Structure formats: C-alpha cells, structure tokens
Amino acid sequence: MAGCDFENLHVRAGRLDDAVMLYDNPGIDFSPSNLWAADRSWLLCTDYDLWAIKVSGPRALIDALLHDSELEAIRLANDSTEPAGQALPSRT
C-alpha cells in the first residue's frame, strides 16, 4: 500500500458537481474528506475510517437529508438541550 503525504494536503475549489471527478480517479490518492460551500452556508465532513458523514447547514438542508428515502440519517445534538441520535420514524 502506498503511503500518503499528510503534510502536503490539497485544497481544491470548484462547483459541487465537479467533485464527482475526484472519486474513483486513479490519479488522486484520496477522495475529498471535507466539502465546504463557497458562501460557507454548509459543510460536509467525513473521514476514511469512520462510518458516517457529518453535514452542517441550514435547517432546510438538514430536513431534506433527514427525509430523503435513499439515505439513512439521524440528527445529532448541536447543544446540551437537544437530544442526540433521534432517528425519524420509518415511512413504510
């Protein structure tokens, strides 16, 4: 297995649609681990050895993710007054 130079990480800019070409690309060692909107309205964070992706953004974005039938999503607590791990009821 080839090593990766974690001291020289890359930052790329572009449209969200352009990120697709960074996945399964033999010329790129790793897929992006963080995607951040230019207007800083949302952030996607992932890690190669974690089982989940965290998304932070406006309530409409989070609600859309939580209600998408193709995704398994839970709302994480953002402060001590909000319960964590609240999954939406099944829609079957």
Side-chain angles (χ1 to χ4, degrees):
M1 175 184 278
C4 182
D5 184 1
F6 289 106
E7 298 301 319
N8 294 304
L9 302 178
H10 302 281
V11 175
R12 292 181 166 87
R15 295 181 24 225
L16 184 57
D17 291 341
D18 297 336
V20 173
M21 71 180 139
L22 299 175
Y23 292 90
D24 296 325
N25 183 331
I28 298 175
D29 291 331
F30 292 97
S31 60
S33 58
N34 299 305
L35 300 175
W36 195 4
D39 66 0
R40 299 183 177 185
S41 63
W42 59 266
L43 174 67
L44 179 146
C45 300
T46 188
D47 194 324
Y48 71 92
D49 63 349
L50 297 179
W51 62 270
I53 295 172
K54 294 180 182 176
V55 178
S56 179
R59 183 169 298 277
L61 169 64
I62 302 306
D63 287 344
L65 294 171
L66 289 169
H67 290 91
D68 188 309
S69 63
E70 298 292 317
L71 299 174
E72 181 180 352
I74 62 171
R75 183 181 307 274
L76 297 176
N78 61 3
D79 64 37
S80 61
T81 64
E82 186 175 327
Q86 296 287 353
L88 290 176
S90 175
R91 288 169 280 170
T92 58

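What you see is a predicted model; the values in this text were computed from it and never measured. Start at 1 with the first residue, then count along the sequence.
- W42 has its side chain within reach of L35: a pair of non-hydrogen atoms, C-beta onward, lies under 4.5 Å apart.
- Side chains of K54 and N34 form no contact here, defined as non-hydrogen atoms less than 4.5 Å apart.
- In terms of heavy-atom proximity, S41 sits nearest to P58 at O-CD, 3.1 Å.
- Open room surrounds CH2 on W36; 12 or fewer heavy atoms of other groups in view lie less than 6.0 Å from it.
- Considering L66, L71, L65 in turn, L71 is the only one that fulfils the side chain to side chain contact (heavy atoms under 4.5 Å, CB included) rule with D68.
- Taking OG of S56 as the start and CG of L61 as the end, the distance is 9.0 Å to the nearest 0.5 Å.
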